[in-house]
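The next block holds one structure in the form of structure tokens; read it before the comments.
Here is how names work: the chains are called A, B, and so on, in the same order as the sequence lines, proteins then strands, and each is numbered from 1.
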Amino acid sequence: MEFYEGACELKLLQTLEGHTDRVWSLAWNPATGTADTPLVFASCSGDKTVRIWEQNPSPSSSSSSSSSSYSSWNCKAVLEDTHTRTVRSCSWSPSGKSLAVASFDATTSIWENVGGDFECVSTLEGHENEVKSVSWNASGSLLATCGRDKSVWIWEVQPGNEYECVSVLQGHTQDVKMVMWHPTLDVLFSCSYDNTVKVWADDDDDWQCVQTLGEPNNGHSSTVWALSFNKTGDKMVTCSDDLTLKIWEMDGTSMQSADGYASWRHLCTITGYHDRTIFSVHWSSEGIIASGAADDAIRFFVEDKDVLVDGPSYKLLLKEEKAHGMDINSVQWSPGEKRLLASASDDGTVKIWELASLCTGNGY
Amino acid sequence: MLSNPLTNKKFLISFLFNYFDPEHPYSLEELKVITEDAIEVDDQQSYVRITFTPTVEHCSMATIIGLCLRVKLLRSLPSRYKVDIRVAPGSHASESAVNKQLNDKERVAAALENPNLVDMVDECLAPSYN
């Protein structure tokens with residue numbers, strides 16, 4: 001698939017209101033967006049709540065022109081009265097059955113849809129203060145959390161909604177902004193206010209840091225806010241307060257080594273496009289990198305296959321200025337066929353966008 | 001279109017000058033923590049930058065003063081404004097660490113959910129609302 005600058009447009013489908021404070025983060029339910037399951041995502045906010053949003057089924061196509069752009073989202077549930085401070089991040093289990101919610105109140109709650117109502121089925125306590133991020137591994141058997149106490153915790157999912165902490169990982173020297181499991185391997189990535197990304201792997205039941213991607217390895221020079229993997233998991237993109245995105249590649253030889261974890265190296269830096277902190281980055285299954293930043297803009301990047309002289313490079317596909325009225329904290333591509341992107345902002349709204357090709361047909 | 005008085009630099013200066021340094025019974029202006037040159041306003045670009053000068057190089061209150069300034073602007077300026085707050089170059093022993101903390105909005109948000117810190121900020125800001 002090839003993408004050309006100017007060949008795409010970003011269409012705003014809907015602006016979702018309801019949160020009464022900044023929206024920090026979004027998570028699409030990975031088990032939705034199929035023929036018989038409408039898309040669902042969760043948003044979480046400084047208003048201490050999580051909102052669950054569901055796409056209405058498309059209307060029967062009496063008018064095909066309007067049905068193609070039809071999209072309407074409703075808030076199906078508000079998860080409230082559980083957290084006493086900001087809800088910073090949320091994450092669906094791979095099956096889409098459980099939602100993990102991380103809060104500045106030092107706890108992580110686990111929610112399940114029981115007979116149509118979301119219920120808090122478990123609360124994970126242990127962090128000293130703000131929990132900032134939560135992530136499930138590929139099989140849904142492990143959960144990771146991180147926070148201002150500089151630690152990363154790994155929890156094992158037990159029967160009966162029990163979660164046992166199997167490891168508390170120290171290594172970062174400042175608060176940890178985000179944790180994210182590799183899409184296929186049980187290897188955990190964390191990024192931090194200490195400007196580094198750390199890679200954690202299980203070595204004989206003992207989790208440890210196997211690699212630190214910092215400034216000496218062409219890493220970031222300020223806070224690393226987020227990271228995202230490409231579809232196959234052999235590349236990763238990170239975003240930072242240093243106004244750059246960095247692409248990292250997994251070393252193919254060590255991937256097959258007995259260690260079960262891989263060594264990552266810096267591939268290229270996307271620089272000169274952002275004016276303020278980049279808070280969020282997400283790599284689509286088609287290879288489009290979306291970024292959301294404190295300059296209120298959403299940008300899209302794709303690999304530039306025409307320029308291979310100095311190694312791989314990425315080009316700006318599209319920039320949506322003033323996508324929101326304030327900072328953009330999260331951008332997330334939807335699962336499923338359609339090229340939908342959700343964005344969350346300090347302005348309290350979530351917006352649903354479609355990245356559409358300008359030319360009709362399947363030329364791309 | 002009527003311009004917001006807060007985006008007028010003169011007004012903003014008089015507004016910010018009415019602070020009290022928690023450690024000293026003087027206003028930040030009297031202590032020269034903030035001078036007129038320290039405030040840059042670009043209404044066109046919706047941008048404000050405050051460069052303040054802590055009273056001493058090891059001023060432990062620098063992050064509190066910065067937090068107070070940020071809260072004051074947060075509560076006063078239209079939401080379209082981007083605000084950067086920093087200590088003057090060479091004015092603080094931990095200059096880069098202080099600047100980084102003051103401009104990390106996640107840490108600012110967390111601080112503003114801490115009742116003790118909020119009380120302190122409100123106390124510092126109280127004179128500015130008179």
Original post:
Does B:E113 reach the main-chain N or O of A:F104 with its side chain, forming a donor-acceptor pair under 3.5 Å?
Top reply: no
Original post:
Backbone N or O of B:R107 within a donor-acceptor pair of the A:Y193 side chain at under 3.5 Å?
Top reply: no
Under 4.5 Å heavy-atom distance to chain B, tell me which part of [X] shows up: side chain, backbone, both or neither.
X	answer
A:D105	neither
A:D241	neither
A:R88	side chain

Subject >> Working for side chain to side chain contact (heavy atoms under 4.5 Å, CB included), residues B:D104 and A:Q174 >> reply: CA-CA 13 Å; B:D104 182 316; A:Q174 296 287 344; over 6 Å; no
**OP:** Sort out for me which of B:K105, B:E106, B:K82 touches chain A most, counting heavy-atom pairs under 4.5 Å.
**Re:** B:E106
Subject >> salt bridge (Lys or Arg N to Asp or Glu O under 4.0 Å) evaluation trace for B:R80 with A:D347 >> reply: CA-CA 9 Å; B:R80 64 184 163 89; A:D347 67 15; over 6 Å; no
Original post:
Checking B:Q45 against chain A: side chain, backbone, both or neither under 4.5 Å from a heavy atom?
Top reply: neither
Subject >> Considering all heavy atoms, the nearest A:R276-B:V83 contact >> reply: NH2-O, 3.8 Å
**OP:** State whether the number of non-hydrogen atoms from other residues, nucleotides or ligands found under 6.0 Å of B:Q44 atom CD is greater than 12.
**Re:** no
**OP:** Using a cut-off of under 4.5 Å on heavy-atom pairs, state which of A:D295, A:D327, A:T277, A:N329 scores highest against chain B.
**Re:** A:D327
Original post:
Can you tell which of A:N129, A:T84, A:T86 has the highest number of heavy-atom pairs within less than 4.5 Å of chain B?
Top reply: A:T86
